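Because the structure is predicted, anything quoted here is derived from the model rather than measured. We name chains A, B, ... by the order of the sequence lines, and we start the count at 1 in each one.
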Number of protein chains: 2
Amino acid sequence: MSNRCSDEGKIIYQLNEIFKQMSPKFERCTGISQSRLDLLHKLFEVDETSQSALQKEVNIDSAAVTRHLKQLEGKGMVARRKNPNDNRFTFVSLTEEGRERIVSYRLEKEQFITKVLKDFSEEEQTSLSNMLTRIQKNVKDIQY
Amino acid sequence: MSNRCSDEGKIIYQLNEIFKQMSPKFERCTGISQSRLDLLHKLFEVDETSQSALQKEVNIDSAAVTRHLKQLEGKGMVARRKNPNDNRFTFVSLTEEGRERIVSYRLEKEQFITKVLKDFSEEEQTSLSNMLTRIQKNVKDIQY
DNA sequence: AGTCAACTATTGACCCGTCAATTGATTTAA
DNA sequence: TTAAATCAATTGACGGGTCAATAGTTGACT
C-alpha cells in the first residue's frame, strides 16, 4: 500500500514532466495545438454539431471552446451558424479548407506519436494504456 | 512499428487527460499548486539557493519563478535577499512559517499520491515508471 | 399573456506558462 | 579605465485554461 518516499511522487512527477515537455513539441511539430486539433478531429467525424456537444467531447471549458472556434472561424477552417429551430445553439462544422488541412495535421500527428512511442511493443503499449486507464479512474474517484 | 489508428493516439490522449484531470484535484486536495509545492520542496532541502539555480531544478520559466516567489514572499512563506557578493543573484529561503506549513502540504500530497496509485503493486509502479522514463526520453529526442 | 426557470453562448477577471525585451550588476577585453 | 559582452532578474505581451456573471432564447406553468 505505502512505499518509500523517493519513489512515491515519481510517477506523478513524470506524468507532469511528460506533459510539459510533450505539449510544446507537439505544437511545433504539427503546427497546431492539441486542443485545437482535438476540436477539428471531432468536427471531422461529425459533419455538424452544436457547440455545447462539442465542448462535452473535448472536455475543455466552454469559454475556451468559444474562443478557439472564433479563431478557427477567422482562419476559415470552421463555419458557424445558429440553429434555426433553437437560436440558443450554434452549429459548427468544418469548411472545405478545414477538411483539407486536417488531413495533413493528422499525418504530422501520427508521425509525432510514433516518435513518442518509439521502441514500444504492442504489448507494452496496451499494458501502459491499461495502467493509465486505471490511474484515470483513480483520479476520477478522488472526491474534491 | 506502426499499429492501428484507434490505438495510436490513445496513450498521448490519456496522458493529457490525466494531467488535465489531476492538476486541479491536486490543487484542491493539497491547497497549493504543484509548481509552487515543487518550489517549496526544493527550498526545503536546500536552505538557501539562488533563484536561477532553483529555476533550473523546477524546470519552469524564470519569469514564472519570479512571480511565484513574489507571491510566496507576500504570504510570508519564503524570504528573498540579494547576494551581497554579487548583486545580480537573489537568494531564496523558506521562512519558519513556510517550513512549518510545508510539512502539512507534504502530508496532503502523500495522501493524494496513494489515492492516485490505488491498487498498483510495487512491480506495476516500477514498470509504469520505467515506461514513462522511456517515453520521456523519446520526447526529448524529438528534434524541433 | 406573462413570469420564471433552464439552457447556450459569450464575456471579463484571473492563474499559470512561454518568449522577448529591459534593467542592473559583473566580468572581460581593449 | 572604459567599452562591450554576459548574466540574473524582472516586466510586458500573449496563449490557453478556469470560474463567475451576463445576455439571449426557449419552455413550462399559473
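- The distance from atom CZ of B:Arg36 to atom P of C:dG17 is 8 Å, rounded to the nearest whole Å.
- Residue contacts shown for A:Lys20 are absent, as no nucleic acid heavy atom lies under 4.0 Å away.
- For the pair A:Gln55 CD and C:dT10 P, the interatomic distance rounds to 12 Å; values are reported in whole Å.
- Under the 4.0 Å criterion applied to side-chain N and carboxylate O atoms, B:Glu17 and B:Lys20 are assigned as salt-bridge partners.
- Closest approach to the B:Phe89 side chain among C:dC16, D:dA9, C:dA9 is made by D:dA9 (side chain taken as heavy atoms from C-beta onward).
- Between B:Lys56 atom NZ and D:dA8 atom P the separation is 5 Å, expressed in whole Å.
- Relative to the ring axis of A:Phe91, A:Arg80 does not place its NZ or CZ within 45° and under 6.0 Å from the centre.
- Nearest to the side-chain atoms of B:Ile60 among the listed nucleotides C:dC16, C:dA9, C:dG17 stands C:dG17.
- To the nearest angstrom, C1' of C:dA25 lies 15 Å from CD of B:Gln51.
- Of the candidates D:dT25, D:dA8, C:dT18, the closest approach to any side-chain atom of B:Ala63 belongs to C:dT18.
- Across the interface with DNA chain C, nearest-nucleotide mapping of A:Ala64 and A:Arg28 shows A:Ala64 to be the residue nearer the 5′ end.
- Nearest to the side chain of A:Asp61, among D:dT10, D:dG17, D:dT18, sits D:dT18.
- Taking 4.0 angstrom as the limit, A:His68 places a side-chain polar atom (N or O) nearer than this to OP1 or OP2 of D:dG17.
- Formation of a donor-acceptor pair under 3.5 Å by the B:Lys118 side chain with backbone atoms of B:Ile113 is not found in this model.
- The main-chain N or O of B:Glu108 is never found under 3.5 Å from a side-chain atom of B:Gln111 such that the two would form a donor-acceptor pair.
- Geometric assessment of B:Arg106 against the ring of B:Phe44 yields a positive cation-pi assignment under the 6.0 Å and 45° thresholds.
- Atom-to-atom, CZ of A:Arg80 to P of C:dT8 comes out at 16 Å; the value is rounded to the nearest Å.
- The distance between atom NZ of B:Lys70 and atom P of D:dA9, rounded to the nearest whole Å, is 12 Å.
- Distance NZ (B:Lys25) to P (D:dG17): 20 Å, rounded to an integer number of Å.
- Each of B:Lys82 and A:Asn87 lies near DNA chain D, and the nucleotide nearest B:Lys82 is the one positioned closer to the 5' end.
- A donor and an acceptor atom sit less than 3.5 Å apart, one in the side chain of A:Arg67 and one in the base of D:dT18.
- Residue A:Arg88 places its side chain closer to D:dG24 than to any other of D:dG24, D:dA8, C:dC16.
- Among the atoms of the strands shown, base atoms are found under 4.0 Å from some heavy atom of A:Ser62.
- Positionally, the nearest nucleotide of DNA chain D for B:Thr66 lies more toward the 5' end than for the other of A:Asp86 and B:Thr66.
- Summarising the geometry, the separation between CD on A:Gln71 and C1' on C:dT10 is reported as 15 Å, rounded to the nearest angstrom.
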